[in-house]
Amino acid sequence: MQFKSFIGIATLCTTLFLAACNGDSNSNSTQPQEQAKLQPIVIQGALPVESEKMAAQLENATVEMIGEWKFWKGTYKGYPVVISKTRMGMSNSAAATALAIQHYKPIAIINQGTAGGHDPDLHVFDIVLGKYTTNIGAFKTPNKPLGGGSNALEWNEAFDVLPDDESDPEPIAIRKFEGDKELLLAAYKAKPNYSKGQVVEGTIGSADTWNNELDRIKQFHTVYGTSVEEMEAASVAQIAHQFNVPFLGIRVLSNNITNNGAYDPATGEACQEYALDVAEQYMKAKAAAK
């Protein structure tokens, strides 16, 4: 009687063990399937110091050149990711964005990299999440006669290059592209893992200009509310907006002239690590929603 009971118990344990194993197998196989169904997320960096660290962490990566723009396609922790080296400046980043959208059909775009500080309260290695991203290089200057000189501090009329009414020949307005809320949520989920500085929301200002005039920087910070400046994010936001692709700018302060924060090249790698973490959090949420 005791021997039969032992056999029965052993059989029951074996059955439960196999069922548990089969259950785990099904659970594990579902996740990669859901990941594989997702369209890739594109993460951009203008220069090698802003892109190659991310590219090196992709699995099964392939390199694709479209014109002079470089893309690495692979996976990161099972999720499809494309790393884009946009090259420097507004035109290059806009072109790289349009190419990426057409070629890879991304689920979202993160534009990340280094930036110079406009806010004296921010320091080198702090990261700014672009709640807003704006073009700080489009202005209508005041009328002045020949010999009247030029003063950039008087350039107070922003020119909207993407007006709602294109029949208006003088669309004077500050256009701010809002960061995607789901990407911002993912950025906040990744925030506890970043220990090199603080992570804050702010406004990213972009232009093909390198500003070193403290009065000019103060004006941008006061009038536009800029936290940092760089040369790509606003043009990426503009193209993503026109294609209706979710977008977020993420910028690390590599220097801050307003408080004597000296340039540190290690900031580029720090921002790449954080951006990959944000992408993982975003894709995880999208996979769970499928």
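The residues of the chain are indexed from 1 along the displayed sequence. Note: hydrogens, waters and symmetry copies are ignored here, and every other heavy atom, side chains too, is used.
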### Message
Check whether Arg251 reaches the backbone of Ile204 with its side chain - one donor and one acceptor, N or O, closer than 3.5 Å.
### Response
no

### Task
Start with the C-alpha gap between Glu59 and Tyr76, add the side-chain angles, then the distance that decides, and say whether side-chain contact (heavy atoms from CB on, under 4.5 Å) holds.
CA-CA 6 Å; Glu59 297 176 351; Tyr76 179 73; over 6 Å; no

### Query
Does the side chain of Phe139 come within less than 4.5 Å of Glu157's, by heavy atoms?
no

### Query
Residues in salt bridge (charged side-chain N to carboxylate O under 4.0 Å, His left out) with Glu201, at least two apart?
none

### Query
Is the backbone of Thr222 close enough, under 3.5 Å, to the side chain of Gln219 for a donor and an acceptor to pair up by distance?
no

### Message
Testing the 3.5 Å rule here: is there a donor-acceptor pair between the side chains of His103 and Glu64?
### Response
yes

### Shared hydrophobic cluster, Trp210 / Leu47 (ILVMFWY, side-chain heavy atoms < 4.5 Å)
yes

### Query
Out of curiosity, does Phe159 fall in the hydrophobic cluster containing Ile174 (side-chain heavy atoms, cut-off under 4.5 Å, transitive links)?
no

### Query
Where the side chain of Lys85 meets the backbone of Phe71, is there a donor-acceptor pair that is under 3.5 Å apart?
no

## Note on the structure
Rounded to the nearest 0.5 angstrom, the CD1-CZ distance for Ile239 and Phe177 is 8.5 Å

### Path from Leu183 to Leu38 over hydrophobic side-chain contacts below 4.5 Å
yes

### Query
Is the shortest heavy-atom distance from the side chain of Ile257 to the side chain of Leu214 under 4.5 Å?
yes

### Query
CD of Glu68 to CG of Leu99: how many Å apart, nearest 0.5 Å?
11.5 Å

### Message
With rounding to the nearest 0.5 angstrom, report the CG to CG distance, Asn255 to Asn259.
### Response
9.5 Å

## Note on the structure
Minimal heavy-atom distance between Ala234 and Asn135, with the atoms involved, is CB-N, 3.7 Å

#### Entry: Residues Ser93 and Ser235: side-chain donor-acceptor under 3.5 angstrom
yes

### Query
Does the pair Asn211 and Phe220 meet the rule for a side-chain contact (heavy atoms from CB on, under 4.5 Å), with working shown?
CA-CA 10 Å; Asn211 291 292; Phe220 283 132; 3.7 Å; yes

### Task
Check the hydrophobic clustering (I, L, V, M, F, W, Y; side-chain heavy atoms under 4.5 Å; chains of links allowed) and say if Val63 and Leu58 are grouped together.
yes

### Task
Apply side-chain contact (heavy atoms from CB on, under 4.5 Å) to the pair Met231 and Ser206, showing each step before the final yes or no.
CA-CA 5 Å; Met231 297 182 176; Ser206 309; over 6 Å; no

### Message
Restricting to non-hydrogen atoms, name the atom on Ala108 and the atom on Ile41 that form the minimum distance, rounded to 0.1 Å.
### Response
O-CG1, 3.5 Å

### Query
Should Lys53 and Glu50 count as an ion pair when the cut-off is N to O under 4.0 Å?
no

### Query
Should the heavy atoms of other residues, nucleotides or ligands under 6.0 Å from NZ of Lys176 be counted, would the total exceed 12?
yes

### Message
On a heavy-atom basis, which atom in Tyr282 and which in Asp180 lie closest, and how many Å separate them?
### Response
CE1-OD2, 4.3 Å

### Query
Looking at residues at least two apart in the chain, or sitting in another chain, which of them share a ring pair (Phe, Tyr, Trp, His ring centres under 6.0 Å) with Phe247?
none

### Task
Pick out which of Glu182, Gln281, Gln39 makes a side chain to side chain donor-acceptor pair (under 3.5 Å) with Lys286.
Glu182

### Message
Quick check against the 3.5 Å criterion: does Thr226 have a side-chain atom that pairs as donor or acceptor with the backbone of His221?
### Response
yes

### Query
How far does CD of Glu178 sit from NE2 of His241, to the nearest 0.5 angstrom?
11.5 Å

### Query
So, Glu232 versus Asn111: side-chain donor-acceptor pair below 3.5 Å or not?
no

### Query
If you look at every heavy atom in Pro106 and Ile109, which pair is closest and at what distance?
CG-CG1, 4.2 Å

### Query
Is a donor on one side and an acceptor on the other found under 3.5 Å between the side chain of Asp264 and the backbone of Ala266?
yes

## Note on the structure
Interatomic distance, CD@Glu213 vs CG@Leu153, rounded to 0.5 Å, equals 7.5 Å

### Query
Is the backbone N or O of Ile43 less than 3.5 Å from a side-chain atom of Ser84, with the two atoms forming a donor-acceptor pair by type?
no

### Task
Determine whether the aromatic ring centres of Tyr194 and Tyr274 lie less than 6.0 Å apart.
yes

### Query
So with a 6.0 Å cut-off around CG of Asn244, is the heavy-atom count from everything else above 12?
no

### Query
Quick one: are Glu273 and Gln57 in side-chain contact, heavy atoms under 4.5 Å?
yes

### Message
Tell me if a side-chain donor or acceptor on Thr134 pairs with a main-chain N or O of Arg175 at a distance below 3.5 Å.
### Response
yes

### Message
Please check: side-chain N/O of Gln272 versus main-chain N/O of Met54, any donor-acceptor pairing under 3.5 Å?
### Response
yes

### Polar side-chain atom of Asp126 near backbone of His123 as donor-acceptor pair, under 3.5 Å
yes

### Task
Provide the closest heavy-atom pair for His118 versus Thr258 in the form atom of the first, atom of the second, distance.
O-CG2, 3.8 Å

### Message
Ignoring hydrogens, what is the shortest heavy-atom contact between Val128 and Leu122? Give both atom names and the distance.
### Response
CG2-CD1, 3.7 Å

### Query
Does the side chain of Ile250 come within less than 4.5 Å of Val278's, by heavy atoms?
yes

### Message
Using only atom types and a distance under 3.5 Å, with no angle test, would you say the side chain of Trp72 pairs donor to acceptor with the backbone of Ile83?
### Response
no

### Message
Quick check on side-chain contact (heavy atoms from CB on, under 4.5 Å): which of Val245, Thr97, Val42 does Val236 satisfy it with?
### Response
Thr97

### Message
Once rounded to the nearest 0.5 Å, what's the spacing between atom OG1 of Thr141 and atom CG of Asn156?
### Response
11.5 Å

### Side-chain heavy-atom pair Val124, Thr267 within 4.5 angstrom cut-off
yes

### Query
Should Trp155 and Pro142 count as side-chain neighbours, where that means a heavy-atom distance under 4.5 Å?
yes

### Task
Give a yes or no on whether Lys181 atom NZ has more than 12 heavy-atom contacts from other residues, nucleotides or ligands under 6.0 Å away.
no

### Lys105 atom NZ: more than 12 heavy-atom contacts under 6.0 Å
yes

### Task
I would like to know whether Val161 and Gln238 meet side-chain contact (heavy atoms from CB on, under 4.5 Å); could you show each step before the answer?
CA-CA 9 Å; Val161 297; Gln238 180 177 322; 3.2 Å; yes

### Query
For Thr86 and Gln44, does a side-chain donor sit closer than 3.5 Å to a side-chain acceptor?
no

### Task
Flag yes if Leu129 and Phe125 sit in one hydrophobic cluster, no otherwise; membership is Ile, Leu, Val, Met, Phe, Trp, Tyr, and two members link when side-chain heavy atoms are under 4.5 Å apart.
yes

